[in-house]
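Here the structure is laid out as structure tokens; the discussion comes afterwards.
None of these values were measured; they are calculated from a predicted model.
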Amino acid sequence: MSVIFHKNTQTFHICNAYVSDILCIMQNGQIENLYYGKAIRDKEDFSYLHEEGMRSQMSVCVPEPGILSMQYTKQEYPVYGKGDYRSPAMTIRQENGSEIVDFKYVSHEIFPGKKPLKGLPAVYTESEEEADTLEIRLHDSVIDTDLILSYTVFRDYPVITRNARIEHKGNSKIRLEGMMSASVEFPDMDYEIVQLSGAWSRERYIKTRKLEMGIQAIQGLAGTCSSAEQNPFLALKRPGTTEDIGEVYGFSLVYSGNFLAQAEVSTFDMTRVMMGIHPQGFSWELNSGEEFQTPEVVMVYSDRGLNGMSQTYHRLFRTRLMRGKWRDQARPILLNNWEATYFDFDEEKILHIAKKAKEVGVELFVLDDGWFGTRNDDYQGLGDWFVNRNKLPDGIAGLSRKIEDMGLKFGLWVELEMVNKNSDCYREHPDWLISAPDRFESHARHQHVLDFSRQEVVDYIYDSITKILEESSISYIKWDMNRYMTEPFSRTAKPEDQGKTMHKYILGVYDLYRRLTERFPDILFESCASGGARFDPGLMYYAPQTWTSDDTDGGERQKIQYGTSLVYPIVSMGSHVSAVPNHQLYRKTPLSTRANVAYFGTFGYELDLNLLSEEEIEEVKEQICFMKNYRHLIQVEGDFYRIMSPFEGNDTAWMVVSRDKKQAVAAFYQRLNKVNASWLRMKFRGLDEEQLYEVKWDEQVLRAYGNELMYAGIPIDREILNKKGGDFASVLYTLEAVQELS
């Protein structure tokens, strides 16, 4: 077992070969954390790790002569009002107005495997041997309520997952006004906090700052998604930690709605990390017999730097968060018509673009926005999921079969959670909007949010889109979501239930995803949210890839994809080659660089290939051939290494190495060209030091051992970069293991 309970010392040791988490039952019945970090050998008694002593202003929470204080104790699930003056993991308002609770240990259960979370996405196991789970049950006798803290440790990963559940048994109502998924305490503050922050078209930039006394937090309050501004992830790393060396603690929330992730440092240098649903706008009343389940936090420990943390997240999320047919498959090379036509298309134009896509080797054609209702611009049509026969006289069913007759698969764009006021859907159901009575109904992109907290709304959308999917031949769905929530109010909810609206909305999104993916298991779903505003583990459970950003510029995408890779596997990143000048930045980058960036993702095109020159078309054919040869390595089988950061200098580099270290693909990218510049070398990562490799790049071939390639590296020829245009030039390397000649 990976969970050990020492009865004599009332100690739990959650552990494997990589990580240890040591808990104990304190004399007041609450749970203390004694240690979390690199794996240590088990023994009966770790009580010496408890630190306590009399201090000024200390409130003692046990009878004399005890001196236990919650203010200076590393608690597993802290509450406010019992002498701890830091932020609580949970707030429960009782009928008499009190928020004071006291959950004491009652029992625990240790079992193999991992239970699913009701209504929520979570990582999973396929056999009981993969993981062990500890559930600790605590009880508050005054309100007759149980708190269940759940821990799962994976045997082959430095991973522990956490969640919490409330089961209310008492006769009086209680109201949850905040409930985190996990709280983790560290005895010191010698860390830097790492987060992924940004905005539309510059999502998930890496931001690092020194941890200081007080609260450092990130949050998402977008309602409909985790947001483009902040990602539901943070990490603590020791100063001096790099991509390859040093300690890192990662925290990732498997959730797509409002979230809070914060690190609070006390004036005694203790650090408390908490993560879960944001308490703003959240209020959940529980009657007797009802329960509430929090989302899951996936905690990763690495003593191999940020790359070590990332590779753990990549493997776990790709194999035990993603599900279904596409989990273990390389993705089809697609062409999307959005930047080629926007709303201005008809069937003839679409077939013309698709025909050229087939000629160059594309496998999947995707029809984007503008095919339904009266959708000729973004002022109208959302919510009306029936075909615009003026554009497509034979409907989606007819078009999809014509595309398939060409030898291509067919995909379709939808935005199922939104409605325009100029639509039949709104005219028939004006009360389906999320909006507050007698208040102005804020709009964004001329659209409004449907109330997915209501089952009848979810059912209506499910029935509408299912009809299209059943009568057509569709292999791929791009599910977009182009605005945040405002005026969060549900027209049919009781006043006391309005605090449930935003969480129930996300549960409604999950429910629709679940029903559609179960009904159409062969369809590849890609999530999208005005670019990458919903790039989170919650959606990855249903849709194994996400449109990474609306910014398709070959230079800016290096930052976006580099930052995204901190947590998310590169197979989850929707990445396309688009036209120049780029539609977001009006920048021109070489066609080769645009492809060299897009290779490290799902790969596709976002343009009209008919507008390219013959020379460019030949280059596109070569790009598609390359991706078909290497996509299984890049997307399924390889480990991703970050080498040079675009956030730290002019250059970016990364690579993918097969698990057996026999094959690799690497790329170097230059931002701006330099005059009379100094020498530069590409130093690879993750290779077998004793293996001889054949390295190919730019019509050059070199044979060298792994240790040479990693420690000495290969000089980068700046003349080659100049010939490629200088600014935004790139070099692509392939490495194959070879036998030495006898």
D146: salt bridge (charged side-chain N to carboxylate O under 4.0 Å, His left out) partners, not counting sequence neighbours
R137, K169
In this structure, are over 12 heavy atoms from other groups packed under 6.0 Å from F520 atom CZ?
yes
Just by distance, do the side chain of Y313 and the backbone of G250 share a donor-acceptor pair under 3.5 Å?
yes
Between F535 and Y568, what is the ring plane arrangement, given parallel below 30°, perpendicular above 60°, and tilted in between?
tilted
Are H429 and Y460 an aromatic pair by the rule of ring centers under 6.0 Å?
yes
For R439, does the CZ atom have more than 12 heavy-atom neighbours from other residues, nucleotides or ligands under 6.0 Å away?
no
Step-by-step salt bridge (Lys or Arg N to Asp or Glu O under 4.0 Å) determination, E296 to K114:
CA-CA 12 Å; E296 179 173 78; K114 186 176 188 291; 2.5 Å; yes
Ring centers of W385, W371 separated by less than 6.0 Å
yes
Near K504 NZ, under 6.0 Å, is it more than 12 heavy atoms from other residues, nucleotides or ligands?
no
Taking N422's backbone N and O only, do any of them form a donor-acceptor pair with R427's side chain (distance below 3.5 Å, no angle check)?
no
How are the rings of Y542 and Y510 set to each other: parallel, tilted or perpendicular (split at 30° and 60°)?
parallel
Which pairs would a plain distance check flag for residues 274-283, meaning a side-chain donor or acceptor within less than 3.5 Å of a matching protein atom at least two apart in sequence or in another chain?
| unit_1 | atom_1 | unit_2 | atom_2 | d |
| --- | --- | --- | --- | --- |
| H278 | ND1 | Q280 | N | 2.9 |
| H278 | NE2 | Q219 | OE1 | 2.8 |
| S283 | OG | R175 | NH1 | 2.8 |

The test is ring pair (Phe, Tyr, Trp, His ring centres under 6.0 Å); show your working for W338 and F343 and say whether it passes.
CA-CA 8 Å; W338 178 241; F343 294 107; 5.3 Å; yes
Does the ring centre of H503 sit less than 6.0 Å away from the ring centre of Y255?
yes
Would the number of heavy atoms belonging to other residues, nucleotides or ligands and lying under 6.0 Å from NZ of K467 be above 12?
no
Please identify each residue that fulfils salt bridge (charged side-chain N to carboxylate O under 4.0 Å, His left out) with K421, with sequence neighbours left out.
E441
Is the ring pair Y342/H583 parallel, tilted or perpendicular, if the boundaries are 30 and 60 degrees?
parallel
Checking side-chain polar atoms at under 3.5 Å, does S578 have a donor or acceptor matched by the opposite partner on T552?
yes
Take R514 and D511 through the test salt bridge (Lys or Arg N to Asp or Glu O under 4.0 Å) and record every step on the way to the result.
CA-CA 5 Å; R514 177 190 60 79; D511 180 51; 2.7 Å; yes
